[in-house]
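Take a look at the structure set out below.
Heavy-atom basis, side chains included; hydrogens, waters and symmetry copies ignored. The first residue in the sequence is number 1, and the count goes up from there.
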Amino acid sequence: MNDTPNPTPATADHPARAASQASMAAVTAGDRAAWLALFAADAVVEDPIGPSMFDPDGAGHRGADGIAAFYDTVIGPNVVTFAIRESYACGHEVANVGTITTTLPDGARAIVEGVYTYRVNDEGRILALRAFWEADAITFEPPPT
């Protein structure tokens, strides 16, 4: 039996985890420029993976223009918060397990449980942000009255 503590706890410095934390911080702050600066030129955002209301053909949002358009359409108009319960980093990737809550302009909220993965290049820039969540499982809360 090995009694050695886990050498890479969720708070440990890891390039992919650091990129994911910077991504979530920029989104929470509504800082479009900071969020876009985290991505490599040939990056892709798949949120969620496959065809969806945000990406009808399921090809993902690719490159600076595609990722900026995703921000402007899906993230920018809303207030987004993250509650990450678990984080697993290996190689150039991290998988975060948790809840994303999006508050729409009218105050309604969409709550999504999922697994959110980030793959970075050798410079720590995001190559792929992939979100595993199911549209049918979104919890909607109406706007406050």
Taken to the nearest 0.5 Å, the spacing of Ile126 CD1 from Asn121 CG works out to 10.0 Å
Which residue pairs pass the ring pair (Phe, Tyr, Trp, His ring centres under 6.0 Å) test when at least one of the two sits in residues 67-99, sequence neighbours left out?
-> Trp35-Tyr71, His61-Phe70
Tell me, do Glu113 and Phe132 make a side-chain contact under 4.5 Å, heavy atoms counted?
-> no
Report the distance from atom CD1 of Ile67 to atom CZ of Phe39, rounding to the nearest 0.5 Å.
-> 5.0 Å
For Ala69, does its backbone N or O pair with a side-chain atom of Thr73 as donor and acceptor, under 3.5 Å?
-> yes
Donor-acceptor contact present, side-chain Asn78 to main-chain Val74, <3.5 Å | yes
Answer with yes or no whether the hydrophobic clustering places Val97 together with Val27; edges join I, L, V, M, F, W, Y residues whose side-chain heavy atoms lie under 4.5 Å apart.
-> no
Distance-only donor-acceptor check, side chains Asn96 and Ser87, under 3.5 Å | yes
Under 4.5 Å between side-chain heavy atoms, hopping through other hydrophobics if needed: is there a path connecting Val80 to Leu104?
-> no
Exam field: side chain Ser23 to backbone Ala19, donor-acceptor pair closer than 3.5 Å = no
Ser20 side chain to Arg17 main-chain N or O, any donor-acceptor pair under 3.5 Å?
-> yes
Should Val45 and Leu36 be counted in the same cluster of Ile, Leu, Val, Met, Phe, Trp and Tyr side chains packed under 4.5 Å apart?
-> yes
Okay, side chain of Arg62, backbone of Ala59: is any donor-acceptor separation there less than 3.5 Å?
-> yes
Polar side-chain atom of Tyr118 near backbone of Tyr116 as donor-acceptor pair, under 3.5 Å = no
Reported CG-to-CG distance for the pair Leu129 and Asp47, which is rounded to 0.5 angstrom | 6.5 Å
Taking all atoms of both residues into account, what is the closest heavy-atom pair of Ala135 and Met53, and its distance?
-> CB-CE, 4.1 Å
Would you say the side chain of Ile75 lies within less than 4.5 Å of the side chain of Arg32, judging by non-hydrogen atoms?
-> no
Side chains of Leu127 and Val120: closer than 4.5 Å at any heavy-atom pair?
-> no
Pair Arg109-Thr139, side-chain hydrogen bond (donor to acceptor under 3.5 Å, both in side chains): steps then yes or no | CA-CA 8 Å; Arg109 296 181 347 145; Thr139 300; over 6 Å; no
Just wondering, more than 12 heavy atoms not from Asp106 lying within 6.0 Å of its CG?
-> yes
Between Val94 and Ala16, which heavy-atom pair has the shortest distance, and what is it?
-> CG1-O, 3.5 Å
If you take all heavy atoms of Pro56 and Pro51, which pair is closest and at what distance?
-> O-CB, 3.4 Å
So how far is it from Leu38 CG to Gln21 CD, rounded to the nearest 0.5 Å?
-> 12.0 Å
Close side-chain approach of Ile49 to Trp133, heavy-atom, < 4.5 Å | no
Where at least one partner belongs to residues 87-103, residue pairs that pass salt bridge (Lys or Arg N to Asp or Glu O under 4.0 Å), sequence neighbours excluded | none
